[in-house]
Amino acid sequence: AGAALGLAKISTVIGAYLAVSSNIRYQLVAGVIEQRFLDVVFAQYMPVRTAASALVRTGNTYVGSYLMVLLLRVLGLQKMAD
């Protein structure tokens, strides 16, 4: 029962994190960085715009993963490696 409760707690925290953080980060990447910056600066250079978008989105994925692990560690739900 203890393991199931821990799993439920971790699942709840991850679900809440994804509901809030992923949406905010996606809106920032798609709405601000891509639409208002990359589309304007690289309008005539679509391959460069596409590559920059891929880099920004990949970076967003890594930032999101790092922040999720950090949150789990702060809440004591994930231990540091020994």
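Here the structure is a predicted model, which means the values were calculated and not measured.
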Quiz prompt | Residue pair Y26 / R57, side-chain heavy-atom distance below 4.5 Å | solution = yes
Quiz item: Could you give the distance from OH (Y17) to CG (L70), rounded to the nearest 0.5 Å?
Solution: 9.0 Å
Quiz item: Can you tell me how far OG1 of T12 sits from CG of L7, rounded to the nearest 0.5 angstrom?
Solution: 9.0 Å
Practice problem: Taking all non-hydrogen atoms of both residues into account, name the closest pair between L77 and I10 and its distance. | Solution: O-CD1, 3.7 Å
Quiz prompt | Distance, nearest 0.5 Å, that separates NZ of K9 from CG of L75 | solution = 9.0 Å
Exercise. Identify the two heavy atoms, one from D39 and one from A43, that lie closest to each other, and give their separation to 0.1 Å.
Key: O-CB, 3.2 Å
Quiz item: With no hydrogens and no angle check, is any side-chain donor or acceptor of S53 less than 3.5 Å from a backbone partner on R49?
Solution: no
Quiz item: Do M68 and Y62 belong to the same hydrophobic cluster, where Ile, Leu, Val, Met, Phe, Trp and Tyr are linked whenever their side-chain heavy atoms lie under 4.5 Å apart, directly or via other members?
Solution: no
Quiz item: Is there a path from V69 to I14 through hydrophobic residues (I, L, V, M, F, W, Y) whose side chains come within less than 4.5 Å of each other?
Solution: no
Self-check item: Transitive ILVMFWY side-chain link Y45 to V56, under 4.5 Å
Solution: yes
Self-check item: Single-linkage hydrophobic cluster, 4.5 Å side-chain cutoff, V63 and I24 together
Solution: no
Self-check item: For the student: nearest non-hydrogen atoms of F42 and A52, plus distance
Solution: CE1-CB, 4.5 Å
Quiz item: Transitively linked via ILVMFWY side-chain contacts under 4.5 Å: L55 with F37?
Solution: no
Quiz item: Does any pair with a residue in residues 62-77 pass salt bridge (Lys or Arg N to Asp or Glu O under 4.0 Å), and if so which ones, sequence neighbours excluded?
Solution: none
